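Letters go in sequence order (proteins before strands), and every chain restarts at 1. What you see is a predicted model, and the numbers here were worked out from it, not measured in a lab.
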Amino acid sequence: MARYNAKETESYWQQQWADQQVFAVQEDRSRPKYYVLEMFPYPSGRIHMGHVRNYTLGDVVARYKRAQGFNVLHPMGWDAFGLPAENAAIENRSHPADWTRDNIAAMRTQLQSMGLSYDWDRELATCEPGYYRHEQKMFLDFLANDLVYRKESWVNWDPVENTVLANEQVIDGRGWRSGALVEKRKLAQWFLKITDYSEELLSALDGLERWPDRVRLMQHNWIGRSEGARLRFELEGRDDRLEVYTTRHDTLFGASFCAIAANHPLAQEQASSNTDLATFIAECNRMSTSEADIEKAEKKGFATGIYARHPLRPDVRLPVYVANFVLMEYGTGAIFGCPAHDQRDLDFALKYNLPVLPVVIPEGVDAATFTVGETAYTGDGRLGNSEFLDGMTVAEAKTEVASRLQASGIGETSVTYRLRDRGVSRQRYWGCPIPVIHCDDCGAVPVPETELPVELPRDIDFDEPGNPLARHPSWKHVGCPACGKPALRETDTFDTFFESSWYFLRFCDPHNTDRGVGDAAAYWMPVDQYIGGIEHAVLHLLYSRFFMRALKKCGYVTQDEPFDGLLTQGMVCHETYRDDKGKWVLPGDLLTLEDGSLVARPDNRPVTRGRSEKMSKSKKNVVDPESILETYGADVARLFMLSDSPPDRDLEWTDSGVDGAWRYLNRLWKLGEDILGATASEPARRDGDDEVSRAIHKTIDGVTSDLDRFHFNKAVARIRELSNLIGGLDLNQPGNPGLARFGFETIIMLISPMAPHIADELWRQFGHADPVIHASWPVASKELLVDENVTIGIQINGKMRATIEMSLDAERETVEAAALAEPKVIAQLEGKTPRKIIVVPNRIVNIVA
RNA sequence: GGCCGCGUGGUGGAAUUGGUAGACACAGCAGACUUAAAAUCUGCCUUGGGGCAACCCGAGUGCCGGUUCAAGUCCGGCCGCGGCCACCA
């Protein structure tokens, strides 16, 4: 055996695995299935460290489960539609399809050099008609099942990307990719009825026991259920009523105004005959939705001149305002304001000189003297100034108001969700065409199934801004499928979340041409372990949950939840560096001078070290995985990623940590060489009950439970501990070589999911013909997990003073006597008689004196 | 503003869920090998004090207090950092 050559070994074994098709998977109902999936990447062209971490984690799980006898499905594909391809097309005059496919090829090569155990035969790319035709079929089924609808609505318009953005894609009032200030526009859009499932998506969160609590909480908050009431106010001089939504119907007697959203139908109606109001509404629609601006934004209103009648007090008239803080999208788009108990309403009331009547009185305060100044009272208390409600608790008052309103037909309790239907139309080329044809006579007509897929045309140009599909000379001109008259194709495409909401189903049977979701899904689904970034906690993960339910309704699947277990990995971080001009510097351009100072190549500019942040191109604190794979090999990169931090925490990338992983693998190689030399004719000795054998079995047990719980860093620590122990054995002592061999072969198996190449090479050197992947996971002997003797700590008044060796499960009295006989204990007690002695079996003795 | 996390050596992190704090590493220091360096190997490595020494005494898990025989772990109050949501009625 020569010095370990990672490069040769890794490419040799990658070839072996491919040739022997060791990762090919089939339905095999005789074995339990295990579906492990990492979030598929966008083909940007190069992998980054986040990918390396994500796919390493998934690969460890896949290989470990396979060794345990599971039939493991572990596929990889490409989330291949999306804007960057179009931007690249504009910049480089390339075609989005070519750009995307080239990137996929490049990234596939990179991923393959990581030695990941994918069944590449199942690879898919969402931009291929073979994929998206099924998506178009799903859309048609959604239409038929009342899960999708078209409506005119106010949308977020990104003026730079010339497209609509979902609410979730607007961050601080700006487009998530372009950073441009988002405008409001009214457009006809297709919407998915996710709100039909609000309650179910919420309540089913409880069943997702193998999801991180915080992800469940984020979805819980995102769905945002609130229990309140809808009330219909009579409007003076009008026949229609104003419906408001409130969660504080207990405060109804404190109401002093009503407010409606700028885009509320009543506001729109009034604006048609009132130019000042129209101006005000236009102003509201221009308003920025960024955090900072909202903080500062004044609560502004415009009195419509309409008055609402108080439903419980005929003498009270409530002026109706159009107000800039009322959202059309939530509740009914109208509220009643109770200034005394809502800060926003109070600000508004003070500005427009509206009455402030407290109706919830803090316990022990007289209703007659309680006043509200500039701060609304939002605490608990009893009702006051509220006629028949006086003296009730808030909860009692809510019930009473609800039942009175219900009895008189004015209102009823109502549950409202923050979750909104998701608009899916995007005015882009590089996406899945929405299979609809617009006919002047027949309206929006679904494309007949026999004509699917509606394929993207290849010949498009990006010379002008906007959607090239809409400008294409012929593509959109078709006959109406219903009446045959000339009609126009929908030129919008789906938002890319559509593709990623069901790809996990496609992996179960990716070559099925008839159906998007074949029968194999019933065998493989749900995904047993899904792994990816926390940034998808709400969007992707919630929409995938919705898709499963929608597809179930359409008969595609029988299950509700797509992902049984979820692991959200932390970010890969790195220190940041800036030169004397404040420009970011790549870690690779750094040079440490002899005096220890940091400079940047090539001109040795002085550099200051900044805090560690998520690796990002903009701050240049990136390390290119390819250079690491090239210099150290995949096993080193994988081992480092696993050993330094728990997977759900942020990982600090350090060169020295990588070196440490490199040194360990070389030490392991050397150790294997020594043991092999010493045991040329001696087999592994597995039958001992000595301390080393016990340590080996304890390591097996520990690593197994660590991997079960994704404590990869601890598993690595245990393996290193064992290799330190085995490395310390004197191979000249009789018996030791066989023991060392047993220990070492165990280490190879335990480390094989993490560093698979070196494991397979060592495995072969130790005389095994088949790759480690075919060996079954080692099982610890129960009887070797417990020691004959235990070390028991002795405390005096809670302070550690000594330890004693006792046989396992020694009698309480024996332990007590031994503890009291310990010289240090005698010295510490100074002749005092213990008042009490607590004995925790096999663990600790505490003497209270 | 609302909700939720997290604070352990110089650093990343362990600690069987209330029972011997600091496993395993990284960095550092000392030594061995070497003409020398790199690599490798060995040792030290929370902190203050004492001892030639194996060791001994005290303090110590952000701060203050509490519960307990026993607290990094549980409770209360501060301080700091981070995440998500946010004009949601």
Side-chain angles (χ1 to χ4, degrees), chain A residues 3 168 172 212-215 217-222 224-226 228-229 244-249 251 259 261 287 289 291 293-295 297-299 323-327 329-338 341-345 347-348 378 416-420 534-535 537-538 612 640 643-646 649-661 663-664 666-667 670 702 705 711 713-724 727 791-803 824 827-828 834-849:
Chain A
R3 189 181 150 81
E168 300 87 336
D172 282 357
D213 286 342
R214 64 175 178 144
V215 173
L217 185 73
M218 277 158 76
Q219 292 208 355
H220 181 100
N221 293 339
W222 189 264
R225 181 190 152 103
S226 77
V244 305
Y245 176 73
T246 180
T247 54
R248 293 301 304 271
H249 34 298
T251 66
M287 199 172 62
T289 49
E291 179 187 328
D293 295 343
I294 285 168
E295 288 284 289
E298 227 182 318
K299 309 283 173 269
N324 63 354
F325 63 89
V326 180
L327 305 172
E329 301 84 22
Y330 185 76
T332 60
I335 62 164
F336 77 75
C338 176
H341 305 293
D342 182 289
Q343 189 59 46
R344 211 184 28 202
D345 293 350
D347 294 345
F348 192 83
T378 53
T416 293
Y417 300 87
R418 214 193 65 113
L419 184 68
R420 279 157 218 177
I534 186 80
E535 66 272 21
V538 177
S612 178
F640 167 70
S643 58
D644 237 41
S645 286
R649 234 185 272 187
D650 287 352
L651 173 85
E652 170 77 10
W653 181 273
T654 58
D655 291 345
S656 53
V658 178
D659 280 337
R663 282 200 297 268
Y664 173 68
N666 278 289
R667 233 174 8 246
K670 179 73 170 37
S705 69
H711 294 172
N713 56 328
K714 289 195 245 170
V716 173
R718 275 184 218 275
I719 293 171
R720 293 181 85 134
E721 219 170 337
L722 181 61
S723 30
N724 290 344
T791 308
I792 294 177
I794 302 172
Q795 299 180 332
I796 293 171
N797 295 328
K799 283 192 187 215
M800 254 348 256
R801 292 298 175 187
T803 55
K824 280 178 203 161
Q828 280 288 332
R835 283 187 291 139
K836 192 174 173 187
I837 299 177
I838 290 129
V839 178
V840 182
N842 300 323
R843 195 141 290 166
I844 214 158
V845 177
N846 192 4
I847 301 167
V848 187

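No contact: A:Glu652 has no heavy atom under 4.0 Å from any strand. At a threshold of 4.0 angstrom between heavy atoms, the contacts of A:Val840 include nucleobase atoms, whether or not backbone atoms are also involved. Residue contacts for A:Lys670: at a heavy-atom cut-off of 4.0 Å it reaches no nucleic acid atom on any strand shown. A:Thr791 comes within 4.0 angstrom of a nucleotide base, judged by non-hydrogen atoms across all strands. Residue contacts for A:Thr803: at a heavy-atom cut-off of 4.0 Å it reaches a base atom on one of the strands shown. Nucleic acid contact class of A:Asn666 (heavy atoms, under 4.0 Å, all strands): none. Nucleic acid contact class of A:Arg835 (heavy atoms, under 4.0 Å, all strands): none. Residue A:Gly331 is out of contact with every strand shown, counting any heavy-atom pair closer than 4.0 Å.
Contact annotation: A:Arg344 reaches the phosphate of B:C88 (side-chain N/O to OP1 or OP2, under 4.0 Å). Between A:Ser645 and the phosphate of B:G13, there is a side-chain N or O to OP1/OP2 separation shorter than 4.0 Å. Proximity of A:Asn713 to the phosphate of B:A23: no side-chain N or O atom is located under 4.0 Å from OP1 or OP2.
Between the CG atom of A:Asp650 and the C1' atom of B:G5 there is a distance of 13 Å, rounded to whole Å. Atom-to-atom, CZ of A:Phe640 to C1' of B:U11 comes out at 12 Å; the value is rounded to the nearest Å. The distance between atom NZ of A:Lys799 and atom P of B:C69, rounded to the nearest whole Å, is 17 Å. The nearest whole Å value for the distance from the CZ atom in A:Arg248 to the C1' atom in B:C88 is 15 Å. Between the CE atom of A:Met218 and the P atom of B:C4 there is a distance of 14 Å, rounded to whole Å. The NE2-C1' distance, from A:His711 to B:G12, rounds to 16 Å in whole Å. Separating the CG atom of A:Asp213 from the P atom of B:C3 is a distance of 18 Å, rounded to the nearest angstrom. Put simply, CD1 on A:Ile534 is 13 Å from C1' on B:G82, counting in whole angstrom units.
Between A:Tyr664 and A:Ser723, the side chains place a donor N or O and an acceptor N or O closer than 3.5 Å (distance only, hydrogens not considered).
Taking the side chain of A:Asn846 as heavy atoms from C-beta on, and the options B:G19, B:A23, B:C56, the nearest nucleotide is B:G19. Distance from the side chain of A:Asn221 is smallest for B:C3 among the nucleotides B:A70, B:A89, B:C3. Listed nucleotides B:C85, B:A89, B:A25 differ in distance to A:Val326; the shortest reach to its side chain belongs to B:A89. Closest approach to the A:Ile844 side chain among B:G13, B:A89, B:G19 is made by B:G19 (side chain taken as heavy atoms from C-beta onward). Side-chain proximity of A:Arg663 to the nucleotides B:U20, B:C26, B:A86 is greatest for B:C26. You'll find that the side chain of A:Arg801 is closest to B:C57, out of B:C85, B:C69, B:C57. Nearest to the side chain of A:Lys824, among B:C56, B:U20, B:G12, sits B:C56. For A:Gln828, whose side chain is taken as the heavy atoms from C-beta onward, the closest listed nucleotide among B:G12, B:C87, B:C57 is B:C57. Comparing atom distances between the A:Arg649 side chain and each of B:A14, B:A21, B:G12 picks out B:A14 as nearest. Nearest to the side-chain atoms of A:Arg720 among the listed nucleotides B:G19, B:C88, B:A25 stands B:A25.
Here the side chains of A:Arg718 and A:His711 are not in contact, with every heavy-atom distance at 4.5 Å or above. The shortest distance between side-chain heavy atoms of A:Thr378 and A:Gln343 does not fall below 4.5 Å. A heavy-atom distance below 4.5 Å is found between the side chains of A:Ile335 and A:Asp345. Residues A:Arg835 and A:Val848 form a side-chain contact, since some pair of their non-hydrogen atoms from C-beta on lies under 4.5 Å apart. In this structure, the side chains of A:Trp653 and A:Val658 come closer than 4.5 Å at one or more pairs of heavy atoms. Considering only heavy atoms from C-beta on, A:Arg214 comes within 4.5 Å of A:Ile534 through its side chain.
B:G77 and B:A89 have their P atoms separated by 26 Å, with the value rounded to a whole Å. B:U20 and B:C87 have their P atoms separated by 49 Å, with the value rounded to a whole Å. Going from the P atom of B:C26 to that of B:A59 covers 33 Å, rounded to whole Å. For the C1' atoms, the distance from B:G83 to B:U11 is 23 Å, rounded to whole Å. Across the P atoms, B:A32 and B:U47 are found 25 Å apart, a figure rounded to whole Å. Between B:U61 and B:A71, the two C1' atoms lie 11 Å apart (nearest whole Å). Taking the P atoms as reference points, B:C41 lies 11 Å from B:A25, given to the whole Å. Between B:A15 and B:A23, the two C1' atoms lie 8 Å apart (nearest whole Å).
For B:C24, the paired base is B:G12 (Watson-Crick or G-U wobble, both distances below 3.5 Å). Judged by Watson-Crick or G-U wobble contacts below 3.5 Å, the nucleotide B:A37 has no partner. For B:A59, the paired base is B:U46 (Watson-Crick or G-U wobble, both distances below 3.5 Å). Across the strands present, B:G1 finds its partner in B:C85; the criterion is a Watson-Crick or G-U wobble pair with both atom distances under 3.5 angstrom. Across every strand in view, B:G80 sits in a pair with B:C6 that passes the Watson-Crick or G-U test at under 3.5 angstrom.
Within 6.0 Å of the CG atom in A:Asp655, the count of heavy atoms belonging to other residues, nucleotides or ligands does not exceed 12.
Between the side chain of A:Lys714 and the base of B:C24, no donor-acceptor pair of N or O atoms lies under 3.5 Å. Side-chain atoms of A:Arg225 and base atoms of B:C88 include no donor and acceptor less than 3.5 Å apart.
With its glycosidic angle more than 90° from 0, B:G60 adopts the anti conformation. B:U17 takes the syn form, because its glycosidic angle lies no more than 90° either side of 0.
Nearer to the 5' terminus of RNA chain B, by closest-nucleotide assignment, is the contact made by A:Lys836 (compared with the other of A:Tyr330 and A:Lys836). Across the interface with RNA chain B, nearest-nucleotide mapping of A:Ile838 and A:Arg843 shows A:Arg843 to be the residue nearer the 5′ end.
Counting all heavy atoms, side chain and backbone alike, A:Phe640 lies closest to A:Glu652 at CZ-O, 3.7 Å.
Judged purely by atom type and a 3.5 angstrom limit, A:Tyr245 uses its side chain to pair as donor or acceptor with the backbone of A:Gly228.
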